[in-house]
Amino acid sequence: MANPWRGDVALVVDGQRHVARLTLGALAELEETLEEPSLMALVERFESNRFSSRDVLRLLVAGLRGGGVETSEDALGQAQIDGGPMGAAKAAAELLARAFVVPA
């Protein structure tokens with residue numbers, strides 16, 4: 001079994017634990033759905049608490065897909081996420097922050 005990468009974030013959806021990660025492919029997918037000119041602009045939006053529920057949803061979908069889970073915004077939007085909307089926002093922010101951490 002491979003060692004977990006420091007960028008992995010656990011997310012419990014409908015009672016099932018998943019690993020989310022923003023891989024290069026997930027980041028590229030996320031770039032296509034952003035309404036910001038860059039990923040750094042999205043990071044700044046989260047840091048200044050100017051993010052929307054749509055931003056959270058898109059980040060989590062990209063992260064789950066990066067972790068190997070096939071899902072959609074519609075499916076995740078209807079799912080029960082542990083911690084509710086605040087737990088989802090925290091996981092999304094953590095995913096984004098960890099995407100820019102240099103591995104040790």
Side-chain angles (χ1 to χ4, degrees):
M1 188 166 165
N3 291 333
W5 177 55
R6 286 176 46 182
D8 290 354
V9 173
L11 187 66
V12 179
V13 180
D14 290 334
Q16 194 165 17
R17 185 182 182 280
H18 299 284
V19 172
R21 69 176 58 105
L22 289 177
T23 62
L24 185 57
L27 287 168
E29 174 187 329
L30 188 56
E31 280 183 323
E32 287 183 22
T33 64
L34 294 179
E35 294 175 4
E36 289 283 357
S38 69
L39 284 175
M40 291 313 297
L42 185 65
V43 169
E44 290 170 4
R45 187 182 337 190
F46 267 80
E47 286 178 346
S48 63
N49 293 319
R50 295 182 295 114
F51 57 91
S52 69
S53 56
R54 174 86 44 207
D55 295 333
V56 170
L57 191 58
R58 287 176 175 167
L59 270 164
L60 293 179
V61 167
L64 286 169
R65 286 183 181 162
V69 177
E70 285 303 317
T71 191
S72 68
E73 286 183 36
D74 289 339
L76 190 58
Q78 298 299 316
Q80 176 69 32
I81 297 173
D82 274 15
M86 289 304 295
K90 182 180 176 193
E94 193 171 340
L95 265 173
L96 197 55
R98 289 182 180 200
F100 295 97
V101 172
V102 178

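Along the sequence shown, residues are numbered consecutively beginning with 1.
Counting heavy atoms from C-beta on, the side chains of Val9 and Leu22 never come closer than 4.5 Å. Glu73 has its side chain within reach of Arg54: a pair of non-hydrogen atoms, C-beta onward, lies under 4.5 Å apart.
Here Thr33 contributes atom OG1 and Leu57 contributes atom CG; the two are 9.5 Å apart, rounded to the nearest 0.5 Å. Remark: Arg65 CZ to Thr23 OG1 distance equals 11.5 Å, nearest 0.5 Å. Put simply, CG on Leu27 and CZ on Arg21 are 12.5 Å apart, with the number rounded to the nearest 0.5 Å. Going from atom CD of Glu94 over to atom CG of Leu11 covers 10.5 Å, rounded to the nearest 0.5 Å. Here the OG-CD distance, from Ser72 to Gln78, works out to 9.5 Å after rounding to the nearest 0.5 Å. Annotation: the span from Asp82 atom CG to Lys90 atom NZ amounts to 12.0 Å, rounded to 0.5 Å.
If you chain together hydrophobic residues whose side chains sit under 4.5 Å apart, Val69 and Leu95 fall into the same group. One hydrophobic cluster holds both Leu96 and Met40 under the rule that ILVMFWY side chains link at heavy-atom gaps under 4.5 Å.
Among residue pairs with one or both ends in residues 53-77, none qualify as ring pair (Phe, Tyr, Trp, His ring centres under 6.0 Å); sequence neighbours excluded. Sorted by first then second residue, the ring pair (Phe, Tyr, Trp, His ring centres under 6.0 Å) pairs that include residues 38-61, not counting sequence neighbours, are Phe46-Phe51.
Between Ala62 and Ala26, the closest heavy-atom pair is O-CB, 3.2 Å. Scanning both residues, Gln16 and His18, for their nearest heavy atoms gives O-CD2, 3.2 Å.
Between the side chains of Ser48 and Arg50, at least one donor N or O sits under 3.5 Å from an acceptor N or O.
Partner of Val13 under the side chain to side chain contact (heavy atoms under 4.5 Å, CB included) criterion, out of Thr71, Leu60, Leu76: Leu76 alone.
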